[in-house]
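In the text below, chain A, chain B and the rest are named by the order of the sequence lines, each starting its count at 1. Fair warning: this is a prediction, and the values are worked out from it, not measured in the lab. Heavy atoms only: backbone and side chains are in, while hydrogens, waters and symmetry mates are out.
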Amino acid sequence: MSTSPLGDILFAFLSILLEGAPYILLGTLISGFIDAYLPAGVMEKLLPKRVLPAILVSGLLGAVFPVCECAIVPVIRRLVQKGLPVGCAITYMLAAPIINPIVVFSTASAFSGQDPVFMTSSRLIMAYIVAVVAGIVVSRLPIAAVLRGRVVRDLQAAGHSGVMAAGNLRETEERERVSVGSRIRSLWHRLGEGMRSLSGSGDQRLIQAVRTAQRDFCDTGMFFVIGVAITSVFNTQFDQALLDPIAGNDAFAVPAMMVLAFVLSLCSTSDAFIAAAMDTFSQVAKLAFLVFGPMMDIKLVFMYLAVFNRRFVIGTVFGLFVLIIVLCLGWSVANPAALMSR
Amino acid sequence: MLASAERLARFLGCFVAIAWGAVLIYFYESERLLTYLTGRGIFRELVIVAGVLLIVVGLFNLITLRRVVACGHDHGDHDHDHAGCGHDHAGCGHDHGISDHDHEKCDHEHAHDDHKSCDHEHGEHDHDHHDCGHDHHDEDDGHHHSFFGGDTLGSTVMATVLLLLPLLFAAARSPDAYSPRAIANKGLYNPNYESSRSDISLGSMSSRTKSASRPTGPGTDIPQPEGLTMLDQPPSWESSDSDSTAAADTPPAEGQFSMEDLEAQVDRDAEGFFLLEVPEIYYTAGDKEVRRVLEGQPVTTIAQVMPERLNNPNGTRARIFRLFIECCAADARPLSIPVEFGGPAPEFQEMGWVEVRGTMTYKMEGGVTVPILNAGSMIPTDEPDSTMMY
């Protein structure tokens, strides 16, 4: 039995497709129903009013609303269209694939015997810092610099033309301080109104939801297919042992592990096991792999392009890359033992 | 985009959804899925669920293809339906205008939710109002731009092709397995025997029962050079001769793992050989206690065989492996151990399935403890029910 390189690529390609398609469907069903059923403005009410606390909260939402990296992109797009400030959206998007119970568990399992507490907590903390920083940076950018042209046009058509900053919660910072009680009452009132208006056209809402879900599935799926195809080539055609000479030197190992995470496009529930097995690399290098991978890889780049504009995506790739290198430096200074490979 | 073009895009989308759903269901039912996704967790079940759901979504949209939906979603806090405009927007104290909702025109902000002068709330609008009082548009107009159903028919067709062609081509032509080259690329000759995994303990993976498949090919028993018995091996790095022979019959008193544990966790076959899988053996090398117990024990395993490229100057070794899948085949890793024949390795078919019987030993090579199966026999055998390990 000998198969060709093409056969290998097809095999890997199809396996990622079969694994990821259900999650993309899940994400797009959620996004479809968000589009049809979530009253606009609810999110604004639920999040803290000031930008920084809102971003800090968004980073933790993955623990409550866990979404894997394949599912999250269509969800984010709909949430933004429903009024979620883009800064918060970015933070949630980057953090949720890592800061959730499933990944905590799989990371701890993968590193059992290799400092699981240190590796798991470091992964979570580092991911949180990266996501929050990214959210803060994005909240200071104009929306047009972040989102894809079409998405921006949708937002402007929807009446957000007065809002130029992605952190559009800033507008509401100028509002007078409202007491918690009246805020809750107002939210309840708004939800009630929203629900009442929903019942009258339930049929149409359902159709809208399912149509949106299908369209989002196709949209996301297209980018997913491109990304997975490219990843499959890297996954099967290159000898992973080539990285071994780099492993010893952390100055190269950390970037190399991030590049590896980028091209392998593993999902965040399983990447911990791959990283744990690469014992020629230091703990810090593995951390870089585990934090960068769920945030940015080939298939994600393509999926992000459905929501964000190209320059922003490229900028984010490099921004995250540099930020994680800096954080890894900090980690290794604070934990000299983490520099040594096992 | 024209309503009819939107409808075409939606129709193509139905086609895509149904096609993907059909592929997922087919892979599940045909059991081709078994080499693609792990059996642990819900990955496989999700495939059949998603397959059915995709068909449902596609059919639903197909059936409702021609239905015109008037803004099925809400427009912020309007508690009326725009299809029959519950109120006249001109009746408010301000002019919405026909153009884009430019909030600067009004003398109050719409960004907040409390309008003193109107008796309704504007909230966030998802579209511009144009002339109110009539059914605005096909719901897709201006709202939900996507690449699919995007601006041109060409882009929609291209997207459809991209969504159908690779999937169907791969489904038709994928060999459901890796070539030797891919397996080498994935680390066949790069074992890391110092790692450990608590979820792959001895006996945890072995699905073979005592009535395991009998060898099918002509036996290739390795003739033993005279005077050399299975137990008479070069001393392992960590013990003297007396230790390595003693390990087999001294009841161990110390350590967390004992012979009793081994007997309890691992089955033996009819001839008394411990039934172990290669991944299980792979991970014993990192555990001193287990090594101590397993040293010298008779072990049998079924695996695929490849030529050995590590520490094999005289061609006396082969390498056997099982592919281990974490989630999907893309993350598959070959977990392999060397098989030592003591003399020239017998002929074998690359990637063929073999049943190996021998004695476990551990040797220090290249600064690492390596688990080696000193083979008494290596015989071609049937492919097992599950070619992958999970």
Side-chain angles (χ1 to χ4, degrees), chain A residues 1-3 7-8 10-16 18-19 21-22 25 35-36 39-41 83 112-113 150 154 157-159 161-162 171 190 193-194 196-197 200-201 204-205 207-208 210-211 213-215 218-219 221-222 225 229 235-236 238-241 266-267 269-270 273-274 277 279 306, chain B residues 13 16-17 20 27 36-37 43 46-47 50 53-54 57 60-61 64 67 69 72-74 76-77 79 81 100-101 103 111 123-128 139 142-143 145-149 159 162-163 166 170 173-175 178-179 182 185 187 190 192 194-196 198 326-331 351:
Chain A
M1 159 177 68
S2 72
T3 53
D8 293 328
L10 291 179
F11 185 45
F13 173 75
L14 204 48
S15 74
I16 303 178
L18 290 171
E19 185 191 16
L25 177 65
D35 179 59
S112 63
R150 286 191 182 91
D154 290 347
S161 55
E171 274 191 37
R190 182 184 296 261
E193 283 191 343
R196 272 195 297 277
S197 71
S201 50
Q204 298 192 328
R205 272 182 207 285
I207 295 178
Q208 178 67 15
V210 181
R211 281 183 180 175
Q214 180 177 286
R215 186 179 19 237
C218 293
D219 229 25
M222 187 186 71
V225 165
N235 188 286
T236 57
F238 295 96
D239 191 346
Q240 287 164 8
L266 301 170
C267 81
T269 46
S270 67
F273 293 97
I274 306 300
D279 261 26
Chain B
V16 168
W20 277 65
F27 268 83
Y36 285 85
L37 294 183
F43 289 101
L46 275 181
V47 168
L53 272 178
L54 275 166
V57 165
F60 181 94
N61 285 320
T64 60
R67 285 274 294 269
V69 173
H73 55 266
D74 76 344
D77 304 310
D79 52 353
D81 180 3
D100 262 353
H101 221 120
H103 286 267
E124 320 271 357
H125 294 103
D126 281 0
H127 64 274
D128 41 275
E139 83 287 1
H143 285 64
H145 287 292
S146 63
F147 203 98
F148 197 85
L162 207 52
L163 281 164
R173 300 290 290 269
S174 167
Y178 282 123
S179 69
N185 280 340
N190 243 36
N192 177 14
E194 286 175 332
S195 56
S196 65
S198 54
E326 205 64 65
C327 292
C328 72
D331 62 52
M351 299 287 283

N/O donor-acceptor pair under 3.5 Å between B/Asn61 side chain and B/Val57 backbone: yes
Spacing of A/Gln208 atom CD and A/Asp35 atom CG [to the nearest 0.5 Å]: 5.5 Å
Which atoms of B/Ala329 come close to chain A, meaning under 4.5 Å heavy atom to heavy atom: side chain ones, backbone ones, both, or neither? both
With a 4.5 angstrom heavy-atom cut-off, is it the side chain or the backbone of B/Asp331 that approaches chain A, or both, or neither? both
Minimum heavy-atom separation for A/Cys218 and B/Gly13, please, with both atom names. SG-CA, 4.0 Å
Comparing B/Pro166, B/Cys328, B/Pro175, B/Ala182 against chain A, the one with the most heavy-atom pairs below 4.5 Å turns out to be B/Cys328
Where does A/Phe238 contact chain B at under 4.5 Å (heavy atoms): side chain, backbone, both or neither? backbone
Check against side chain to side chain contact (heavy atoms under 4.5 Å, CB included), A/Gln214 and B/Val16: CA-CA 9 Å; A/Gln214 180 177 286; B/Val16 168; over 6 Å; no
Tell me, side chain or backbone of B/Leu37 under 4.5 Å from chain A's heavy atoms, or both, or neither? side chain
What part of A/Leu18 gets closer than 4.5 Å to chain B, counting heavy atoms only: side chain, backbone, both or neither? both
Top of A/Thr236, A/Val210, A/Ile16, A/Val225 for chain B proximity - count of heavy-atom pairs under 4.5 angstrom: A/Val210
Select, from B/Val47, B/Leu53, B/Leu54, the one with the greatest count of heavy-atom pairs under 4.5 Å involving chain A. B/Leu54
If we ignore hydrogens and angles and just use 3.5 Å, is the side chain of A/Asp8 paired with the main-chain N or O of B/Ser179 as donor and acceptor? yes
For the pair B/Trp20 (side chain) and A/Ala21 (backbone), establish whether a donor and an acceptor sit closer than 3.5 Å, ignoring hydrogens and angles. no
